[in-house]
Amino acid sequence: MKEFCKMYDFRHAPADIIAAREKLAEQVQRELELAGVVAFQIDVKVQVGAGIEVDRGDDAAGGVFVTWKPHPTLSTAAVESLQNSEYQAQAIRHHGTVIMHMRDAIIGILVSAGFRAEISDDDMRPFVVRVWGRSRREIEGGGEIGDCRKRV
């Protein structure tokens, strides 16, 4: 892995930036779980729900991202249709529709909880939510993100 990173001159962001991203990822996970959404860090074996990734890169693509992972049965059906060149198959349409609607729901949940979240414009991460941090309103208002008891 290290050789691959050296080969392409990949650099990790500074430790303080990575720590801030990891803290943001934990806050995002907590808010999604409070809303009843199964959420997990991408490196965990669970593969259903909201996958939260901390990209450690020291470039514009670095940050915190959330990807919806539907049940493997749905994903497998879509992959099999693609492998069989069945590009108009219902399985592909349904898989994409589920991911799109869940992406939009995740954005709504996170924005409501005080985060700046939007559809990622990274073409290497289709249907993904990018979380930039807390909204200005939350920063100025103080208080901890995710502590819904204080806001209610």
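All values below were derived from every heavy atom in this structure, side-chain atoms included, with hydrogens, water molecules and symmetry-related copies excluded.
With hydrophobic clusters built from ILVMFWY side chains whose heavy atoms lie under 4.5 angstrom apart, Ile17 does not share a cluster with Val54. Hydrophobic clustering keeps Ile18 apart from Val64 (ILVMFWY residues linked when any side-chain heavy atoms are closer than 4.5 Å, directly or through intermediates). Linking Ile, Leu, Val, Met, Phe, Trp and Tyr whenever their side-chain heavy atoms come within less than 4.5 Å puts Val111 and Val28 in one cluster.
Val129 and Ala117 make their closest contact through CG1-CB, 4.0 Å (heavy atoms, listed as atom of the first residue, atom of the second, distance). Residues Ala91 and Ala78 share a closest heavy-atom pair of O-CB, 3.9 Å. Minimum heavy-atom separation, Glu31 to Leu110: CB-CD2, 4.2 Å. In terms of heavy-atom proximity, Ser75 sits nearest to His95 at OG-NE2, 3.3 Å.
Looking only at side-chain heavy atoms (C-beta outward), Lys69 and Phe40 come within less than 4.5 Å of each other. Side-chain contact check for Val66 versus Leu32: some heavy-atom pair is nearer than 4.5 Å. Residues Leu74 and His94 have side chains in contact (heavy-atom distance under 4.5 Å, counting atoms from C-beta outward).
Under 3.5 Å, the side chains of Gln29 and Glu33 contain a donor-acceptor pair of N or O atoms. Side chain to side chain, Gln90 and Arg93 meet the donor-acceptor criterion of an N or O pair below 3.5 Å.
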Practice item. Given side-chain contact (heavy atoms from CB on, under 4.5 Å), test Val98 with Trp68 step by step and report yes or no. Key: CA-CA 9 Å; Val98 167; Trp68 183 254; 4.1 Å; yes

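Looking at Glu118 and Arg103, no side-chain N of the basic residue comes within less than 4.0 Å of a carboxylate O on the acidic one, giving no salt bridge.
Taking the ring axis of Phe115 as reference, the NZ or CZ atom of Arg134 does not stay both within 45° of it and closer than 6.0 Å to the ring centre.
With Arg125 as reference, Asp122 is the one residue of Asp121, Asp123, Asp122 to meet the side-chain hydrogen bond (donor to acceptor under 3.5 Å, both in side chains) rule.
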